[in-house]
Structure formats: structure tokens, C-alpha cells
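Whatever order the structure lists them in is the order used to number ligands and atoms, beginning at 1. Worth saying up front: this structure is predicted, and the values here are computed from it rather than measured. Residue indices begin at 1 and follow the sequence shown. Note that these values count all heavy atoms, side chains included, but never hydrogens, waters or copies made by symmetry.
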Amino acid sequence: MRIEEGIKLGFKDVLITPKRSTLKSRSEVNLKRNIHFKYSNMISSGIPIIASNMDTVGTFNMAVQLSAVNIITAIHKYYTVNEWRSFITHVPHDFFDYIMVSTGVSDADYTKLKKILSLSPLLKYICIDIANGYSDNLIQFVTKIRTKFPNKIICAGNVVTGEMVEALLLSGADIVKIGIGPGSVCTTRTKTGVGYPQLSAIIECADAAHGLQGHIISDGGCINSGDIAKAFGAGADFVMLGGIFAGHNECEGKIITENNDKFMLFYGMSSKNAMKLHMGKVAGYKTDEGKLVKLLLKGPVKNTVLDILGGLRSSCTYVGAREIKELNKRTTFIRVLEQENTIFNDGTLF
Ligand code: 5GP
């Protein structure tokens with residue numbers, strides 16, 4: 001056993017200091033970014049935010065709405081090949097720039113992935129996603145997928161330390177997904193004692209990835225646009241959001257009504273709810289690592305998108321970043337013991 005003494009930080013432990021700038025208005029800020037990948041010849045040119053591949057959030061309907069504002073959706077892995085086929089025959093060409101095909105690492109996942117990708121050469125992103133990216137399975141699967149699909153943009157995770165980021169990039173991933181335990185409906189940290197504060201994970205993993213011309217996605221833990229700005233400020237190339245996009249009309253959670261209020265169920269992909277839904281039961285050797293919550297129905301996702309993009313533009317103007325890409329260079333974090341004045345939080349009307 002050994003203890004690493006250096007303190008690791010989460011979003012709530014820091015704020016970004018303002019810096020002098022020549023920007024006159026938030027409208028001057030460009031949130032789009034061109035990203036060239038390590039292996040794939042393809043380019044990403046939208047807003048580097050991704051809706052999570054959770055089964056209630058990473059839906060086809062979500063992708064239709066978010067692609068219209070140049071945001072990516074990681075489509076969840078539970079749609080059948082036929083559902084994929086009938087969906088993608090009706091979408092415009094540029095839609096494919098904003099969807100990722102998610103997969104696990106089993107043989108069945110591999111077979112299904114090949115079938116989905118064979119539906120259209122325009123599908124360009126593959127998101128290989130397992131809860132514990134430290135498993136040797138992931139490295140082997142990434143190597144296999146890179147060999148089979150040399151030109152696709154491959155993203156793989158989740159991990160939280162630099163040496164695993166390097167290992168995944170050297171195995172063939174273009175992008176590594178970072179985050180163990182920060183998610184809004186995740187209970188991994190309490191169930192297992194394992195995790196890594198997200199801000200430090202981003203800073204350390206970005207350093208490892210960028211040294212090898214790779215990229216990272218910060219996955220989980222953002223509860224507002226300030227956190228998204230901090231994730232970009234820390235060095236994330238993309239930020240993946242679950243809870244912020246959950247509970248909207250475009251999601252596929254069950255809706256329940258209580259006292260005339262409508263709620264949508266939202267749950268972790270390792271929750272009892274998800275395991276029963278997709279596997280029929282919780283296997284005897286496992287425990288759940290996710291929660292089930294009910295969210296007051298939030299309406300169309302486009303309002304939330306406007307709100308978070310407005311917040312991000314404002315973060316950029318506070319530090320003088322004309323482009324989202326500059327946010328990292330212009331960020332100085334200060335460690336803090338307080339974030340906001342909470343006195344009227346219980347009575348906030350909107
Ligand atoms: P959020 O944006 O809601 O804070 O985090 C979303 C992320 O949480 C997802 O993209 C995924 O990586 C992670 N996640 C989703 N479901 C679960 C779960 O049941 N357990 C754990 N440990 N993580 C989850």
C-alpha cells in the first residue's frame with residue numbers, strides 16, 4: 001500500500017480567474033473547433049460537446065436536435081441494427097458528423113458494431129465504452145477495431161490516469177474518455193471506494209494525451225455550464241454530458257405523473273433499473289453502481305443547449321478566449337472553499 005499525498009481536485013474546488021481581454025461581446029466567441037485526429041483522417045468541426053450514450057439520453061431524437069446545433073450525440077448501444085437502418089435512411093448527410101456508434105467489448109458487441117457500420121460509410125465515430133477501462137479487454141478490443149476500421153474516429157474509455165491514456169492511444173484510439181465515478185447517477189465511488197476527482201483527472205490525462213497527438217473527452221460530473229467551462233479550461237477537448245441533457249422531451253425515460261407534475265426517470269447504466277431492463281436481472285456476483293432518480297420534465301433540449309452555450313460564451317469572454325480552443329491556454333484556476341452565495345437557493349423561481 002502507498003499513499004499519494006498531492007491533493008486531487010474536482011470542479012467544486014476551483015474557480016477560473018478573469019483576465020483582461022479585447023472581446024467586446026459574447027457574440028464574438030466561436031464555440032466550434034476543428035480537431036484533427038491521431039489516426040483517422042477525418043476532422044471534427046462542431047461544438048465539442050457530446051450527449052452521453054446512456055439509454056435515456058443518447059437517443060436518435062436527441063441526435064436530431066443536437067446535430068442541428070453542431071453538437072455530437074453518442075447513440076446508446078441498445079438500438080437494434082434494424083432500428084439503426086430505418087433511422088439513418090431518413091437523415092441528411094451532415095447528420096453523420098454528429099453521431100457516435102457506441103459499443104461494448106464482447107464478441108456480440110463486435111458483430112453488431114460491424115453490422116451497424118456497414119449500413120453507411122458516413123458513420124465516422126466509434127465509442128468503445130466500458131466502466132473499467134483498466135481491463136486488458138479494452139486494449140485488445142481497441143487494437144482489433146483500429147485494424148478493422150483504420151479510418152474511423154475511435155474513442156475508448158473510461159480511465160483517469162495518464163499511463164492508461166497513453167496505452168489506449170498507442171493501441172489505436174484517437175480519443176480517450178476520462179472519468180471514473182463523477183457521474184450524476186453513479187455510485188461507483190461509494191460502492192467501491194474507487195475514483196479520481198474529475199478536474200485533476202482531466203489535467204493529468206490531457207497532458208498525457210496531447211503529448212501523443214491524442215485527444216480526451218471529459219465524461220461526467222458537470223452540473224452546470226461553469227463546470228463545462230472548467231473542464232475545457234483544464235484541457236478537455238470534448239465534454240460529455242448525461243444529467244444536464246437528461247429529462248428532456250428528446251429523451252427516452254419513462255414519464256410518471258405525481259400531483260399534476262410530470263417527471264422523467266433517469267438512471268445510471270449500472271443501476272439495478274438498467275441491468276434489469278437490458279439483462280433481465282442483476283447477476284448474483286454483481287452489485288449495482290448507479291442510481292435511479294426522477295427529474296421534473298425539462299421540455300425541449302434546445303432551451304438547455306442555449307443556456308449552456310450562453311454560459312460557455314460568457315466564460316470565454318471573462319478570460320478573453322475568442323475560441324473554445326483558447327480557453328485552456330487562458331485558464332488560471334484558483335483553489336477555493338466557496339463557489340456561490342446560496343442564501344436564496346430554496347426560493348429561486350427561475
Ligand atoms: P453526468 O453528466 O450525468 O454527471 O455523467 C454522465 C456519465 O456518467 C456517463 O457518460 C457515464 O460515463 C457515467 N455513468 C452513467 N451511468 C453510470 C452508472 O450507472 N455508474 C457509473 N459509475 N457511471 C455511470
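- Ring centroid separation for the pair H248 and F245 does not come in under the 6.0 Å cut-off.
- D97 and Y125 share no side-chain donor-acceptor pair at under 3.5 Å.
- Shown in contact with M240 at under 4.0 Å from a heavy atom are these atoms of ligand 1, numbered in order with element: 10 (O).
- Below 4.0 Å from some heavy atom of S270 lie the following atoms of ligand 1, by number and element: 18 (C), 19 (O), 20 (N).
- Nearest-residue assignment for atom 22 (N) of ligand 1 (options D219, V57, I217, T188; heavy-atom criterion): T188.
- Both I202 and I49 are assigned to one and the same hydrophobic cluster, defined by single-linkage of ILVMFWY side chains at heavy-atom distances under 4.5 Å.
- Close approach to M54 involves these atoms of ligand 1, each under 4.0 Å from a residue heavy atom: 9 (C), 15 (C), 16 (N).
- When only non-hydrogen protein atoms are considered, atom 3 (O) of ligand 1 lies nearest to S184 OG, 2.5 Å.
- When non-hydrogen atoms are compared, ligand 1 lies under 4.0 Å from the side chain of N158 (C-beta onward) but not from its backbone.
- Distance remark: protein heavy atom present below 4.0 angstrom from atom 9 (C) of ligand 1.
- Residue contacts with ligand 1 leave out G181, since none of its heavy atoms falls under 4.0 Å from the ligand.
- No cation-pi contact links K230 to F11, judged by a cut-off of 6.0 Å to the six-membered ring centre and 45° from its axis.
- Here Y39 and F149 keep their ring centres 6.0 angstrom or further from each other.
- Near L241, meaning under 4.0 Å from one of its heavy atoms, ligand 1 places the atoms 2 (O).
- The G243 neighbourhood of ligand 1 comprises atoms 1 (P), 2 (O), 3 (O), with distances under 4.0 Å to a heavy atom of that residue.
- Counting all heavy atoms, side chain and backbone alike, Y78 lies closest to E83 at O-OE1, 4.3 Å.
- Applying the salt bridge (Lys or Arg N to Asp or Glu O under 4.0 Å) test to E204 and every residue at least two apart in sequence or in another chain returns K8.
- Summary of contacts: the protein heavy atom closest to atom 20 (N) of ligand 1 is E289 O, 2.8 Å.
- If you look at H215 and F37, their ring centroids are closer than 6.0 Å.
- Of the protein's heavy atoms, none falls inside 4.0 Å of atom 14 (N) of ligand 1.
- For ligand 1, the atoms lying closer than 4.0 Å to a non-hydrogen atom of G290 are 19 (O).
- Among protein heavy atoms, atom 5 (O) of ligand 1 sits closest to G220 CA, 3.3 Å.
- Under a hydrophobic-cluster definition in which Ile, Leu, Val, Met, Phe, Trp and Tyr are linked whenever side-chain heavy atoms come within less than 4.5 Å, directly or via other members, L297 and F266 are assigned to different clusters.
- Looking from atom 24 (C) of ligand 1 to the surrounding protein, the closest heavy atom is C186 CB, 4.0 Å.
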Take Y134 and T161 through the test side-chain hydrogen bond (donor to acceptor under 3.5 Å, both in side chains) and record every step on the way to the result. CA-CA 10 Å; Y134 287 76; T161 48; 2.4 Å; yes

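- Here the options are I178, V176, D129, the test is side-chain contact (heavy atoms from CB on, under 4.5 Å), and the partner is N158; only D129 passes.
- No side-chain N or O of K291 forms a donor-acceptor pair with one of T187 less than 3.5 Å apart.
- At least one heavy atom of S271 sits under 4.0 Å from some atom of ligand 1.
- Considering only non-hydrogen atoms, atom 2 (O) of ligand 1 lies nearest to G242 out of G242, G58, A246.
- Residue nearest to atom 17 (C) of ligand 1, selected from M275, M269, K272: M269 (by heavy-atom distance).
- The S52 neighbourhood of ligand 1 comprises atoms 9 (C), 10 (O), with distances under 4.0 Å to a heavy atom of that residue.
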